[in-house]
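Encoded as structure tokens, the structure appears first; notes follow it.
Sequential numbering from 1 along the given sequence is applied to the chain's residues.
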Amino acid sequence: MTELEHIEAAQGLGAPAYSYSTYGMQVVSDIELPELASVVAGSVAEPRSLRIRRAPVELPENARSLPTWYEFGATETRFYWQTVGAFSVNLDGTEILCEPAEGVSDDLIAFPLLGPILFESLRRQGHFVLHASAVALGGQAVVLMADKGTGKSTSAAALLNAGGKLLADDLVAFTPDGEVLSGFGQVKLSDAALEAHRPQKSVARGDVHAAIDKKRVQLPRDATAEYAAPAVRLYILERGEGEMASTADVAANQSLPAILRFSYGVRFGENLLSGEPANRHFRDAVALAGRVKVRILRLPATLDAMTTLADAIRADLNSDRAKAGDED
């Protein structure tokens, strides 16, 4: 039994149905989340815990009449989607309450739960989060930042097929000392990207909603990074015109704006980023910009040529080692 399960048994609540590990947390959940790695009996417990419960969520009177609603409060954050249900995240991010809409499956609940809801849990636990993908190459984390549709997940899949290990796809969470936490083994790919760069031994899961146009691709456990990895690059992805991937410098005064632009929290605007939360968000972004180099990664023009991505990144990282050797 985990520590959380012992507590709940003592309270007469019984053992929860599912136990997982993600982002350095042991997750005990009433919701089935096959995206996450199941905790193996006898394995070493994660340093932090997250409890996900099915429970009523109290909302303002008018909230349930709106298609979408959210509120970032001092002691909790609440979200609501008419098509999915209501959620709340407690003060320190260690408990999520989920009240599904009638007839909604765990499969559909997972979309907001492993997106904005998990983001808020991570944020409240003190992590800075980018809307990006991250892959470990040789034990070092490279982070892929881009506008929607540019190819973050496709780039990650191409790097996996070149020997990389997935750290995260969508939520890239940093520790205060600049490590990228290992999330869970799933990437979301278009049909064309899946055909061209399907990760080895992966499984494409079924569609859950007509409005979701990408396939959820479940990775084998050995394709996911087991531990956090130190971030060595933040790449801004751009679409190129050639058949080879390449890297380029970013003006020094553009590194911080890029990090702020691709941070996960900006999607919530002033609802989240005002007062002290905004100040902390800015301080964390400044610290990341000072710690990790930001560069441009130009993608090749065709999907087939995405196989050149890993070589371009490795050459870029090797240039740092060469410069360090010259300085010695």
Side-chain angles (χ1 to χ4, degrees), residues 1-9 13-55 79 84-85 87-90 92-100 104-127 129 133-134 136 165-175 179-188 199 201-206 208 216-229 264:
M1 253 191 194
T2 67
E3 181 182 354
L4 281 174
E5 290 169 337
H6 278 297
I7 292 170
E8 295 190 347
L13 299 177
Y18 307 101
S19 185
Y20 303 109
S21 173
T22 190
Y23 291 102
M25 299 181 290
Q26 184 145 342
V27 180
V28 178
S29 177
D30 295 345
I31 309 294
E32 185 177 14
L33 299 167
E35 296 88 344
L36 306 187
S38 296
V39 172
V40 178
S43 61
V44 177
E46 296 285 6
R48 295 172 292 120
S49 297
L50 171 64
R51 180 68 172 97
I52 302 174
R53 303 180 189 276
R54 291 184 189 269
F79 299 83
V84 184
F87 303 82
S88 72
V89 183
N90 72 343
D92 63 2
T94 59
E95 182 177 71
I96 294 170
L97 301 184
C98 173
E99 181 188 343
V104 172
S105 67
D106 286 4
D107 224 16
L108 185 54
I109 292 168
F111 276 86
L113 185 55
L114 298 180
I117 311 303
L118 184 53
F119 153 73
E120 182 58 6
S121 169
L122 291 165
R123 184 190 74 85
R124 283 185 172 270
Q125 292 183 47
H127 298 291
V129 182
S133 298
K165 304 284 187 183
L166 185 73
L167 284 158
D169 186 41
D170 199 36
L171 294 178
V172 175
F174 293 85
T175 66
E179 288 194 321
V180 176
L181 294 173
S182 179
F184 52 92
Q186 177 178 276
V187 292
K188 296 174 184 175
K201 301 179 184 177
S202 64
V203 176
R205 301 175 63 199
V208 296
R216 298 168 300 159
V217 181
Q218 194 81 29
L219 303 177
R221 199 153 188 157
D222 62 5
T224 304
E226 190 173 356
Y227 304 107
Y264 202 94

Q. Quick one: which of Arg53, Arg51, Arg124 gives a salt bridge (charged side-chain N to carboxylate O under 4.0 Å, His left out) with Glu95?
A.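 Filter result, single survivor: Arg53.
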Gap separating the [atom1] atom of [X] from the [atom2] atom of [Y], nearest 0.5 angstrom:
{"X": "Leu50", "Y": "Thr22", "atom1": "CG", "atom2": "OG1", "value": "9.0 Å"}
{"X": "Cys98", "Y": "Ile117", "atom1": "SG", "atom2": "CD1", "value": "8.5 Å"}
{"X": "Asp169", "Y": "Phe184", "atom1": "CG", "atom2": "CZ", "value": "8.0 Å"}
{"X": "Ile52", "Y": "Phe87", "atom1": "CD1", "atom2": "CZ", "value": "9.5 Å"}
{"X": "Ser38", "Y": "Arg221", "atom1": "OG", "atom2": "CZ", "value": "7.0 Å"}
{"X": "Arg216", "Y": "Leu114", "atom1": "CZ", "atom2": "CG", "value": "10.0 Å"}

Kindly indicate whether the side chain of [X], heavy atoms from C-beta on, has any atom under 4.5 Å from the side chain of [Y].
{"X": "Met25", "Y": "Leu181", "result": "no"}
{"X": "Pro116", "Y": "Tyr264", "result": "yes"}
{"X": "Tyr18", "Y": "Asp30", "result": "no"}
{"X": "Val187", "Y": "Ser133", "result": "no"}

Is it true that a side-chain atom of [X] and a backbone atom of [Y] form a donor plus acceptor pair closer than 3.5 Å?
{"X": "Tyr23", "Y": "Leu171", "answer": "yes"}
{"X": "Gln218", "Y": "Pro34", "answer": "yes"}
{"X": "Gln125", "Y": "Gly93", "answer": "yes"}
{"X": "Asp170", "Y": "Gly115", "answer": "no"}
{"X": "Ser202", "Y": "Val217", "answer": "no"}

Q | Contacts of type side chain to side chain donor-acceptor pair (under 3.5 Å), residue Gln186, not counting sequence neighbours | A |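 By the side chain to side chain donor-acceptor pair (under 3.5 Å) rule, Gln186 matches Arg205.
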Q. For Glu179, what residues pass the side chain to side chain donor-acceptor pair (under 3.5 Å) criterion, not counting sequence neighbours?
A.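 Expected list: none.
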Q | Working for side chain to side chain contact (heavy atoms under 4.5 Å, CB included), residues Ser19 and Gln26 | A | CA-CA 7 Å; Ser19 185; Gln26 184 145 342; 3.9 Å; yes
What are the two closest non-hydrogen atoms of [X] and [Y], and how far apart are they?
{"X": "Ala173", "Y": "Leu122", "answer": "CB-CD1, 4.0 Å"}
{"X": "Leu167", "Y": "Ala229", "answer": "CD1-CB, 4.1 Å"}
{"X": "Leu166", "Y": "Ala134", "answer": "CD1-O, 3.7 Å"}
{"X": "Tyr20", "Y": "Leu33", "answer": "OH-N, 2.8 Å"}

Q: Could you check Phe174 against Val180 for side chain to side chain contact (heavy atoms under 4.5 Å, CB included), going step by step and ending with a plain yes or no?
A: CA-CA 5 Å; Phe174 293 85; Val180 176; 3.6 Å; yes
Q: Determine, step by step, whether Arg54 and Asp106 satisfy the side chain to side chain contact (heavy atoms under 4.5 Å, CB included) criterion, reporting the C-alpha distance in whole Å, the side-chain angles of both residues, the deciding distance to 0.1 Å, and the verdict.
A: CA-CA 11 Å; Arg54 291 184 189 269; Asp106 286 4; 2.5 Å; yes
Q: Applying side chain to side chain contact (heavy atoms under 4.5 Å, CB included), run through Glu35 and Leu113 and close with a yes or a no.
A: CA-CA 11 Å; Glu35 296 88 344; Leu113 185 55; over 6 Å; no
